[in-house]
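Here the structure comes first, spelled out in structure tokens, and everything after it is commentary.
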Amino acid sequence: MLVHERTRWGWFTWIVLGDGSAPQTPHRIGVLTPDATLMQRLALRWLTRRPARRLGLAASVPGSLRYAAAVLAVIGCAAALHAVGAGVPAGIAWPLALLAPLLAEHLPDRLDERAGEHVRIVEGDSACRYLQRLASLHACLVQAAAGSDHYELRRSAEVGRYLLWDVAGLLQSQDTRSASAQLIGCERLMVQLADQVAQTVERTRTGAGSGTENQFRGPEGPLGPYPPGFAPATRPARRREPGTSPLEGDRLMAQAQPENPEKSVRATDVYLLFAHEPYYPGPGTQEINTTVVAAASLLHPRVRQPDGARIHDRLTRGRESGEIVPLATLTHELGGGTGWPTVGDWESVTTDLLQLVRDGDCDALSLGLPEIARALICTGPHSHVRAFDAAAGQLIAYGPTERAAVLAEVDTFLAPLVAERTLWPGDGLLAPLDHRL
């Protein structure tokens, strides 16, 4: 059974099974144009009406007929016979009797087409999951703006509304894979809006109790507060002694790279950290947008080769034991990315690695980093990320210090895992480049 859940910006269509189990992913999502008029909002209700019941014709006749059209046809014939008996010319009575069922059969389809001009409808599991995630963040914006006199909150909800409309247009014309770059950018913006709204609400709540609502309070900690839906998991107890788990963020910026990395010593227990398109591993789980794998997973036969082996060689040369190396650090070392063509196709390699992780063919640490933290590990070790706080009217800069803090945060999750058991890189691994004949 199809069930429509209407919202102020559109609707969700859910398929409810006969056993009454709750669906996890919408069957269809419709997004109404942001500047909708009253008639266009009525069109939304028209599109989410109960599906018409249809009457099958004879077995030898293809097609079907709406129940309403069939009923009107019977009533029209009876009315036409009565009218002809009362003296009305047959040339008038019978055409009128046929007009009503024809309108009942074809007019709704024409109205659907007109109403659909103001709505963008998205179908497909991956597209609906993505748009559902954005809609959840937008719901936080709308809830915060409801009944509030803060311009920042109302404006964030409006911007989020236009963002839903734009994303629906992208998903109508492209699939999630081909439009992944634009979709990640849109989601990043929506998360930033949710982050700013959360800060504004917290400042307002704190200021109402202390009388300091007009004072600006900076982000809490080096990464800022976690936006809705991105609350960190409980941090596991760290089992390593201080100083025994070196981090790329603590060393790479403090020492120069070897002059000839091809001749430097290879480290075996190095980890690759890379960001990717967000996904949910299961119902009710936290979003996963960043993954850490053992460097040896790059040698897996299901990873694009020899690209994976070349990246593995780059990743493990000149590192220290236990080092966590973001993919962006390799890009920095390769002249800002100009050297990637001679090393390998990192996009295909990370896509293959993520598929390995999701198939359970290698171990990994899967993380749901906040937007600023994720942006920092996607930039080089000396780069800066700037975020504009609309509520405070200030530009906040995050740099190498905050990036190192992100890597330290990642290490607090990874350390207890590898202390118990090293990350399994998978089976049937290829030999490293320097071990091949």
Side-chain angles (χ1 to χ4, degrees), residues 2-15 23 25-52 106-197 227-229 278 390:
L2 291 179
V3 176
H4 299 293
E5 178 189 350
R6 296 190 186 96
T7 67
R8 293 185 61 85
W9 50 264
W11 77 87
F12 296 97
T13 299
W14 306 89
I15 295 181
T25 304
H27 170 67
R28 183 183 298 116
I29 301 178
V31 181
L32 183 65
T33 177
D35 299 321
T37 63
L38 177 60
M39 290 301 297
Q40 290 168 353
R41 291 191 176 278
L42 291 176
L44 184 147
R45 300 191 69 86
W46 169 263
L47 290 173
T48 55
R49 69 192 186 278
R50 180 176 297 181
H106 299 290
L107 184 59
D109 294 335
R110 301 295 178 268
L111 293 177
D112 285 345
E113 293 177 3
R114 292 294 301 274
E117 295 174 359
H118 311 290
V119 175
R120 290 175 176 174
I121 299 176
V122 174
E123 296 180 306
D125 285 347
S126 58
C128 285
R129 276 197 301 268
Y130 181 85
L131 197 54
Q132 181 187 13
R133 188 163 64 246
L134 280 192
S136 299
L137 290 172
H138 181 255
C140 298
L141 307 181
V142 174
Q143 183 178 3
S148 173
D149 57 353
H150 281 268
Y151 169 77
E152 297 88 353
L153 299 181
R154 298 196 305 271
R155 183 56 180 164
S156 295
E158 292 175 4
V159 173
R161 177 73 183 80
Y162 280 93
L163 197 59
L164 284 178
W165 174 255
D166 292 339
V167 170
L170 269 177
L171 294 174
Q172 270 191 328
S173 57
Q174 305 179 55
D175 57 28
T176 53
R177 187 178 183 87
S178 61
S180 60
Q182 300 98 309
L183 294 177
I184 289 175
C186 291
E187 185 167 8
R188 183 175 297 168
L189 176 57
M190 186 71 86
V191 171
Q192 186 173 3
L193 289 173
D195 187 10
Q196 293 174 357
V197 165

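Starting from 1, each residue takes its place in the sequence as its number. Because only heavy atoms are used, hydrogens play no part in the values below, and waters and symmetry mates are left out as well, while side chains stay in.
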Atom [atom1] in [X], atom [atom2] in [Y]: separation rounded to 0.5 Å?
X      : Y      : atom1 : atom2 : answer
Met190 : Ser156 : CE    : OG    : 10.5 Å
Thr7   : Phe12  : OG1   : CZ    : 6.0 Å
Leu193 : Arg188 : CG    : CZ    : 13.5 Å
Gln192 : Glu187 : CD    : CD    : 13.0 Å
Leu171 : Ile29  : CG    : CD1   : 9.0 Å
Leu170 : Arg120 : CG    : CZ    : 8.5 Å

Nearest atoms (heavy-atom pairs only) where [X] meets [Y]:
X      : Y      : result
Ile184 : Pro278 : CG1-CD, 4.4 Å
Ala144 : Leu153 : O-CD1, 3.5 Å
Val122 : Ala127 : CG1-CB, 3.5 Å
Pro26  : Gln132 : CD-OE1, 3.3 Å
Trp9   : Gly30  : CZ3-O, 3.5 Å
Ala168 : Val31  : CB-CG2, 3.8 Å

Task: His138 vs Leu163 side-chain heavy atoms within contact, under 4.5 Å - done: no

Task: N/O donor-acceptor pair under 3.5 Å between Arg129 side chain and Thr25 backbone - done: no

